[in-house]
Amino acid sequence: MCAGAVVMSAPTPTPQAHETHGASATVMSAPHPPPDPIAPALLSWREHSGRKDLPWQREPTPYRVWVSEIMLQQTQVAVVIPYFERFLARLPTVLDLAGIAEDELMALWSGLGYYARARHLHRAARQIRDQHGGIVPTQIESLLTLPGIGRSTAGAILSLALDQRHPILDGNVKRVLARVFGITGWPGQTAVSARLWTLAEQHTPETQVAAYNQGMMDLGATVCTRRAPACERCPLADRCVAHQTERQHELPTPRPRRPLPERRTLMLLIVDPAGEVLLQRRPGTGIWGGLWSLPELDPSADPSDWCLTRLGRLPRRVEMGLSRRHTFSHFQLMIDLAVVHLDAAATRAGDDPGLRWLGRQALADIGLPTPVKAILESHQQGLPQPSGDVQ
DNA sequence: AAACCGGGGTC
DNA sequence: GACCCAGGTTT
């Protein structure tokens with residue numbers, strides 16, 4: 001099994017003096033225990049309110065904990081349970097997993113989604129068979145070489161199964177720590193993540209590591225939830241920075257909404273002496289699919305050329321209008337505007353089913369993209385009310 | 001429709 | 001190391 005204390009790059013240079021009993025090899029040292037540890041309150045909360053009879057907790061071997069952790073990364077507990085039971089009935093050991101055909105594995109996984117994670121699990125099992133004699137490694141460095149196992153999952157496996165002292169930092173724990181200690185900034189940022197890992201390390205107790213880590217996850221899942229946390233039931237509320245400052249809802253800081261990509265287009269407001277406007281039908285798919293809109297061209301293109309090509313005549317005058325910005329869910333559209341005056345209605349538009357001249361009233365009756373409507377309104381002091389019945 | 005998620009991949 | 005992605009679900 002897991003013999004001897006395994007001390008590698010621990011922060012303290014002094015060798016571990018305490019040979020602990022059994023499998024609980026001390027791996028991580030805690031040079032600076034926190035002044036106000038959260039473990040006591042958390043552990044006592046877990047005693048009465050934690051989840052303690054989940055299938056993988058009843059016989060928490062590294063293999064079972066590993067499988068459960070991978071499943072739980074993607075799916076909630078209630079859904080995982082039957083999958084987990086079925087998976088372990090069919091593949092009770094890591095060697096069974098290593099030996100199964102990929103197709104059959106996928107069949108077992110089917111319904112859980114995230115098949116890449118199942119393939120990682122499979123590859124890792126084969127690596128364990130080939131390189132570790134079929135025993136799930138019990139040193140964290142070895143676990144970290146396996147596909148699909150990062151620091152948090154490795155810590156979960158070794159702490160929950162063997163009570164080794166490793167921190168975990170899954171989404172639930174991140175939320176609890178960010179709130180209790182008032183850590184601002186998106187946890188995806190390296191610096192923020194580093195602070196959270198440090199806090200996780202510092203507060204991991206020397207004993208009862210499994211109970212502590214499990215308790216942190218339980219707390220995040222059942223009390224310190226993303227929305228509407230139940231602070232009145234939280235064992236850490238009395239010291240929770242977020243609770244005290246009523247910032248639960250803004251911690252942890254959500255991922256910054258990255259600026260939407262910007263696209264640019266040039267719309268042509270082509271008017272004839274009668275005040276009619278030329279519209280162009282948009283392609284059936286994509287933005288504003290099938291709607292009538294203003295003719296569009298690349299901002300670097302020449303509106304006069306366009307008129308000559310599509311309408312058979314050059315405009316009398318072209319002036320640039322005001323550019324405007326329109327925001328979609330997935331990008332921003334900068335709309336440059338060219339106002340084009342034609343000497344006479346270009347009847348050749350009638351040859352082209354994608355083009356159409358419309359007067360003010362007709363424009364008001366047709367469905368137009370919002371920014372197009374705004375452009376038309378700003379250029380003719382408002383469209384008239386739609387004719388006919390309007391609710 | 002958008003936020004979320006641990007690990008992996010990329011530059 | 002910063003950033004982005006895959007590939008699903010939840011709110």
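Small disclaimer: the values here were computed from a predicted structure and weren't measured. So you know, we letter chains A, B, ... as the sequences are listed, proteins then strands, and number each from 1.
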**Q.** Whole-Å gap separating P (C/dA6) and CZ (A/Arg119)
**A.** 14 Å
(Q) Please report the distance, rounded to the nearest Å, between CZ in A/Arg175 and C1' in B/dA3. (A) 12 Å
Q. Quick one: on DNA chain C, does A/Ala191 or A/Gly113 contact a more 5' nucleotide (nearest heavy atom)?
A. A/Ala191
Q | Any A/Gln74 side-chain N or O less than 4.0 Å from OP1/OP2 of C/dG7 | A | no
**Q.** Check: A/Thr204 main-chain N/O paired with A/Arg165 side-chain donor or acceptor under 3.5 Å
**A.** yes
Q) When we call it a touch if two heavy atoms are under 4.0 Å apart, what does A/Gln189 touch: a base, just sugar-phosphate, or nothing? A) nothing
(Q) With heavy-atom distances below 4.5 Å as the criterion, would you say the side chains of A/Thr253 and A/Gln189 are in contact? (A) no
Q) Side-chain contact, heavy-atom cut-off 4.5 Å: A/Leu177 with A/Leu169? A) yes
Q | From A/Arg51, A/Gln214, A/Arg64, residue fulfilling side-chain hydrogen bond (donor to acceptor under 3.5 Å, both in side chains) relative to A/Gln57 | A | A/Gln214
Q) Is the A/Phe84 ring parallel, tilted or perpendicular to the A/Trp56 ring (thresholds 30°, 60°)? A) perpendicular
Q. Roughly how many Å is it from OH in A/Tyr115 to C1' in C/dC5, rounded to a whole number?
A. 19 Å
Q.
I'd like to know if A/Arg126 and A/Glu102 make a salt bridge, using a cut-off of under 4.0 Å between side-chain N and carboxylate O.
A. no
Q: Write down the distance between CE (A/Met71) and P (C/dG8), rounded to a whole number of angstrom.
A: 15 Å
Q: For residues A/Ser293 and A/Val372, determine if any side-chain heavy atom of one lies less than 4.5 Å from a side-chain heavy atom of the other.
A: yes
**Q.** Rounded distance (Å) that lies between atom C1' of B/dA3 and atom CG of A/Leu251
**A.** 16 Å
(Q) Donor-acceptor check, side chain of A/Arg356 to backbone of A/Leu279, threshold 3.5 angstrom: yes or no? (A) no
**Q.** First of A/Tyr114 and A/Trp186 reached from the 5' end of DNA chain C, by closest nucleotide
**A.** A/Trp186
Q) Is there a residue in residues 212-232 of chain A whose heavy atoms reach under 4.0 Å of DNA chain B, and which residues are they? A) A/Arg226
Q. What does nucleotides 6-11 of chain B look like as a protein-contact string, B for base, S for sugar-phosphate only, - for none, at under 4.0 angstrom between heavy atoms?
A. BSS---
Q: Show the numbers, then the answer: is there a side-chain hydrogen bond (donor to acceptor under 3.5 Å, both in side chains) between A/Gln131 and A/Thr145?
A: CA-CA 11 Å; A/Gln131 299 174 10; A/Thr145 68; 5.6 Å; no
